[in-house]
Amino acid sequence: MEERCLCEPNEIIIFSCAGSSNVGQIANQAAIKLAQGGVGRYFCLAGIGGHVSGMIESTKAGKMLIAIDGCPVACGKKTLEHCGFNIDEYVQVTDLGIEKNHHFDLDPMHVGKVADHLAARISKRRGG
Ligand code: SF4
């Protein structure tokens, strides 16, 4: 059985790849939506990639790590794992049936789909 996380939203840290494609930007917008909805805090993935010590330490202090990648290249996951972090919940936008393109014409329904998917997974982990 999966262990429940007794963490508070401010201890839930969200990263997105924020990549230069529709799915990368959907990942970014979904992370923003989760943060605005009080689900967790959205941190800068570039700070992890850049080994910025304060950001590494703040991330270590978190109790649940969430990562959103746009596509199977999985840049966010690889960046976090490269720095030794274990991801608790992870999704690739393309796994939710959203096709990658470089038009940047984001569909708000797609953003909602990714955010809702993760909010449900996080809630389940917290025993909700
Ligand atoms: S995971 Fe995909 S969308 Fe995200 S930065 Fe990498 S290549 Fe771009």
Side-chain angles (χ1 to χ4, degrees):
M1 191 180 142
E2 207 171 69
E3 215 174 293
R4 281 187 185 175
C5 180
L6 299 174
C7 44
E8 295 299 321
N10 68 355
E11 297 167 313
I12 298 173
I13 298 174
I14 304 163
F15 288 97
S16 89
C17 74
S20 61
S21 63
N22 66 324
V23 288
Q25 290 306 305
I26 287 169
N28 181 43
Q29 290 295 321
I32 291 170
K33 198 172 169 74
L34 289 167
Q36 287 180 329
V39 174
R41 296 164 70 199
Y42 186 18
F43 276 20
C44 302
L45 184 68
I48 302 300
H51 295 244
V52 177
S53 58
M55 294 199 187
I56 300 273
E57 291 310 313
S58 303
T59 303
K60 280 184 187 163
K63 289 192 178 159
M64 194 195 295
L65 193 57
I66 312 299
I68 315 171
D69 271 323
C71 76
V73 182
C75 303
K77 183 174 190 281
K78 287 170 186 164
T79 302
L80 289 162
E81 289 179 350
H82 189 67
C83 283
F85 290 111
N86 292 317
I87 298 167
D88 296 297
E89 283 295 339
Y90 176 70
V91 70
Q92 290 175 2
V93 173
T94 49
D95 274 349
L96 299 181
I98 301 162
E99 220 169 290
K100 183 177 181 179
N101 64 51
H102 292 90
H103 304 314
F104 302 109
D105 45 358
L106 309 187
D107 181 341
M109 297 263 288
H110 289 166
V111 175
K113 188 174 187 179
V114 178
D116 289 350
H117 171 85
L118 278 171
R121 299 289 298 259
I122 293 165
S123 169
K124 191 167 172 245
R125 274 186 176 269
R126 297 183 72 211

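Read the numbers this way: they start at 1 and go in the same order the structure lists the ligands and their atoms.
- Residue contacts to atom 2 (Fe) of ligand 1: C17 brings no N, O or S atom closer than 2.8 Å.
- Of the protein's non-hydrogen atoms, the one nearest atom 6 (Fe) of ligand 1 is C75 SG, 2.3 Å.
- Between I13 and M64, the closest side-chain pair of non-hydrogen atoms is not below 4.5 Å.
- G38 and P9 make their closest contact through O-CB, 3.2 Å (heavy atoms, listed as atom of the first residue, atom of the second, distance).
- Summary of contacts: the protein heavy atom closest to atom 2 (Fe) of ligand 1 is C71 SG, 2.3 Å.
- By the 4.5 Å heavy-atom criterion applied to side chains, I98 and V114 are counted as neighbours.
- Q25 places a side-chain N or O within donor-acceptor distance of the main-chain N or O of G19, the cut-off being under 3.5 Å.
- Inter-residue side-chain proximity for I68 and I26 is flagged as unmet; no heavy-atom pair is nearer than 4.5 Å.
- Contact annotation for S21 and ligand 1: only side-chain heavy atoms (C-beta onward) come within less than 4.0 Å of the ligand.
- Residue-ligand proximity, G19 to ligand 1, at heavy-atom distances under 4.0 Å covers atoms 5 (S), 8 (Fe).
- Those atoms of ligand 1 that come under 4.0 Å of a heavy atom in G70, given as number and element, are 1 (S), 3 (S), 4 (Fe).
- Under a 3.5 Å cut-off, the side chain of N22 and the backbone N or O of E99 do form a donor-acceptor pair.
- Remark: ligand 1 atoms within the under-4.0 Å shell around heavy atoms of D69 are 1 (S).
- Residue contacts with ligand 1, taken as heavy atom pairs separated by less than 4.0 Å, involve A74 solely via the backbone atoms N, CA, C and O.
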